[in-house]
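Notes for the one structure printed next.
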Amino acid sequence: MMISSPQIDVWPQGKPSQVDDLLSDGQFGYLNEQVLWIRHKAMEDSRSALRVPEFVRWAGKKGADPGKHYQAYQVGQSWQSSNNRLLFEKCPISYSHGESPGKLAATVEFIEDDILQVELEIENLSRNRIEEALCHFCLNHRRAPLLGRNQFAHCDDGWMDFAKYEDDESKGWRQYYFDRSKNYKELPDIAEPLLFSETVSENGLFTSVIGSPQAEYICSKTSWPCTDICIDFGDIDSDQTCARRIFISFGYQTKDHFLEKMAPLVSS
């Protein structure tokens, strides 16, 4: 099961309910049902793993404590292919307390030969509003040894090394909220909700990028070669559905090339 463009192949991991063999600690959340592999055809020895989504988070109560948030690593995705699209439908939102509040659906397709679009829907099937809903997508480059190590964001004054967004107390965690009041300290403003990785390979400069017009934050970690994004779904009323999109691209081009292509897609 695979979708392809002239430049990129994408396919699901295809081993439901088995822990990803990249991890030795058996974390229940990192299940292969989440994973789509993305490989640029010019880098046959490399592939990146996109978790669709890695987790869902929303506001609520746990026990008698108001103000807590639920967060659950998502499982149960049953991928299908149709007309060069990958999709899953009506996947219950994973939930560690009580009942699932709704279902997820996703569609993955190429909108250009080098741009992948992922549309995710949250359907609220509960009697209550789902408040402050977020979905986190992890684009992990651990099996693409050249990618994900050098990361950049674009600011009004030009390119900024994303290492400058490291939390001094988090042991390598880098994060930027687009609602700047949520950042742990004053940080250089990022102009577009895009996170880039750029590297020099034997065949030239290679760049990857992920972004969304509804990005809550972008993040990465020095010890884990990811370029991640979290999407804000806002409040979803009972019996309502909300959809959001992320965009991903790879190729032998510069950051500036991909900024020009991707910025219109993620502008609000």
Side-chain angles (χ1 to χ4, degrees), residues 1-23 29-56 72-94 100 102-123 125 135-144 147-148 208-214 226-231 233 241-251 258 261-262 265-266:
M1 186 188 307
M2 178 182 289
I3 62 172
S4 298
S5 75
Q7 298 184 31
I8 296 171
D9 294 326
V10 184
W11 68 98
Q13 172 70 22
K15 296 179 180 178
S17 300
Q18 295 181 23
V19 174
D20 191 316
D21 59 9
L22 292 177
L23 301 171
Y30 288 88
L31 300 180
N32 287 333
E33 296 159 311
Q34 296 182 344
V35 173
L36 292 181
W37 291 108
I38 306 173
R39 178 178 60 206
H40 196 279
K41 293 180 180 180
M43 296 184 76
E44 291 287 343
D45 58 341
S46 296
R47 53 179 171 164
S48 299
L50 176 68
R51 299 190 178 277
V52 185
E54 184 172 29
F55 64 77
V56 181
Y73 287 92
Q74 187 59 40
V75 298
Q77 296 90 328
S78 180
W79 291 98
Q80 307 171 51
S81 62
S82 174
N83 298 320
N84 207 35
R85 299 182 303 163
L86 292 170
L87 56 95
F88 65 78
E89 300 177 314
K90 298 194 179 299
C91 176
I93 296 173
S94 298
S100 171
K103 293 188 177 181
L104 302 179
T107 303
V108 182
E109 60 187 323
F110 292 99
I111 58 171
E112 294 187 27
D113 288 348
D114 59 352
I115 299 180
L116 194 67
Q117 173 185 280
V118 181
E119 181 173 279
L120 187 74
E121 292 184 353
I122 298 179
E123 181 182 9
L125 298 177
C135 285
H136 184 103
F137 292 81
C138 173
L139 182 60
N140 184 288
H141 304 289
R142 189 168 179 181
R143 287 192 176 177
L147 301 183
S208 70
V209 57
I210 187 169
S212 171
Q214 292 87 27
C226 294
T227 46
D228 290 9
I229 192 165
C230 185
I231 310 305
F233 281 75
T241 298
C242 182
R244 297 284 189 260
R245 295 176 180 177
I246 68 169
F247 301 93
I248 295 168
S249 192
F250 294 82
F258 282 107
K261 292 192 70 171
M262 297 283 281
L265 297 175
V266 300

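Here the structure is a predicted model, which means the values were calculated and not measured.
Minimum heavy-atom separation, P6 to D113: CD-OD1, 3.3 Å. Minimum interatomic distance between V56 and C135 (heavy atoms only, all atoms of both residues): CG2-SG, 3.9 Å. S249 and F258 make their closest contact through OG-CE2, 3.0 Å (heavy atoms, listed as atom of the first residue, atom of the second, distance). Smallest separation of non-hydrogen atoms from C91 and Q74: SG-NE2, 3.5 Å. Residues V35 and R51 approach most closely at CG2-NH1, 3.2 Å, considering heavy atoms. Taking both residues in full, the closest heavy atoms of F137 and V118 are given as CE2-CG1, 4.2 Å, listed atom of the first, atom of the second, then distance.
To the nearest 0.5 Å, atoms CD1 (I210) and CG (L139) are separated by 5.0 Å. Considering CD1 of I3 and CG of L36, their distance stands at 8.0 Å, rounded to 0.5 Å. Put simply, CG on N140 and SG on C226 are 4.0 Å apart, with the number rounded to the nearest 0.5 Å. Between Y73 atom OH and S94 atom OG the span is 12.0 Å, to the nearest 0.5 Å. Taking CG from L125 and OG from S100, the interatomic distance works out to 7.5 Å, rounded to the nearest 0.5 Å. Between the CD atom of Q214 and the CG atom of L120 there is a distance of 11.5 Å, given to the nearest 0.5 Å.
In summary, D114 and K261 engage in a salt bridge, as defined by a charged side-chain N under 4.0 Å from a carboxylate O.
The side-chain heavy atoms of E121 and K103, taken from C-beta on, include no pair separated by under 4.5 Å. Annotation: side chain of Q7 is not in contact with side chain of F250 (no heavy-atom distance under 4.5 Å). With contacts defined as side-chain heavy-atom distances shorter than 4.5 Å, the pair I229/C138 does not qualify. When side chains are defined from C-beta on, I248 does not count as touching V209, because their heavy atoms never get closer than 4.5 Å. Residues Q77 and Q34 are in side-chain contact: their nearest non-hydrogen atoms beyond the backbone lie under 4.5 Å apart. Inter-residue side-chain proximity for Q13 and W37 is flagged as met; some heavy-atom pair is nearer than 4.5 Å.
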Step-by-step side-chain contact (heavy atoms from CB on, under 4.5 Å) determination, V52 to L86: CA-CA 11 Å; V52 185; L86 292 170; over 6 Å; no
Report the C-alpha distance between W79 and M1 in whole Å, list the side-chain angles of each, state the deciding distance to 0.1 Å, and finish with yes or no for side-chain contact (heavy atoms from CB on, under 4.5 Å). CA-CA 9 Å; W79 291 98; M1 186 188 307; 4.2 Å; yes
Test side-chain contact (heavy atoms from CB on, under 4.5 Å) on L116 and I38 and set out the steps. CA-CA 10 Å; L116 194 67; I38 306 173; 4.0 Å; yes
Verdict with supporting geometry, E123 and K90, salt bridge (Lys or Arg N to Asp or Glu O under 4.0 Å): CA-CA 8 Å; E123 181 182 9; K90 298 194 179 299; 3.7 Å; yes
Any chance you could lay out the side-chain contact (heavy atoms from CB on, under 4.5 Å) test for F110 and V10, step after step, and finish with the verdict? CA-CA 10 Å; F110 292 99; V10 184; 3.9 Å; yes
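Relative ring orientation between F55 and H136 is described as parallel, the plane-to-plane angle staying below 30° on a 0-90° scale split at 30° and 60°.
Remark: Q117 pairs with E109, I111, R245, F247 by the side chain to side chain contact (heavy atoms under 4.5 Å, CB included) rule, at least two apart or across chains. D9 meets the side chain to side chain contact (heavy atoms under 4.5 Å, CB included) test with M2, S4, W11, R39, K41; sequence neighbours excluded. Listed by chain and residue number, F206 satisfy the ring-ring contact (aromatic ring centres under 6.0 Å, His included) test with H40 (two or more places apart in sequence, or in another chain).
The main-chain N or O of I8 is found under 3.5 Å from a side-chain atom of S5 such that the two form a donor-acceptor pair.
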